[in-house]
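Have a look at the structure below, then the notes.
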Amino acid sequence: MLQINCPWCGTRAEIEFTCGGEGGIVRPLDSEAMDDRQWGDYVFMRENPKGLHHEQWRHASGCGRWFNALRHTVNYRFEATWKIGEPAPAEAAAYLNQGAAR
Ligand SMILES: [Zn+2]
């Protein structure tokens, strides 16, 4: 069974968690100025990579808190998990910095 590390509770079984989709999506500050295409991109368009992916997860059957995760979409391996609002650990920061350069 897949094990996931909750940043607050420690390692628990996958069945206790729910995935909330792509992580790091920030609501636009000036949404009134956006056209329909830009708003649609914000609401619906998400990355679907084969490989590492920044996601948000919730420990639904545990502490109930949300956290960030870096997960590999092919082998499901979690490379890192960290609390919302905290800096990403080194193993995730390298991946996230690549995304900022895209
Ligand atoms: Zn937890």
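Just so you know, these numbers come straight off a predicted model, no measurement behind them. In each ligand, atom 1 is the first atom listed, and ligand 1 is the first ligand listed.
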> side-chain contact (heavy atoms from CB on, under 4.5 Å) between Asp41 and Arg37: does it pass, once the steps are laid out?
Replying inline: CA-CA 6 Å; Asp41 285 349; Arg37 190 193 61 75; 2.7 Å; yes
>> One pair to check against side-chain contact (heavy atoms from CB on, under 4.5 Å): Ile25 and Arg46. What are the steps and the verdict?
In response: CA-CA 9 Å; Ile25 304 294; Arg46 298 292 182 260; 3.9 Å; yes
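For Trp8, there are no ring-ring contact (aromatic ring centres under 6.0 Å, His included) partners, not counting sequence neighbours.
Using the six-membered ring where Trp is involved, Phe17 and His59 have ring planes that are parallel, under 30° apart on the 30 and 60° scheme. Using a 30° and 60° split on the angle between ring planes, Trp57 and Phe78 fall in the perpendicular class, above 60°.
Between Arg77 and Glu79, the closest side-chain pair of non-hydrogen atoms falls below 4.5 Å.
The distance cut-off of 2.8 Å around the Zn ion (ligand 1) captures these protein N, O or S atoms, sorted by chain and number: Cys6 SG, Cys9 SG, His59 ND1, Cys63 SG.
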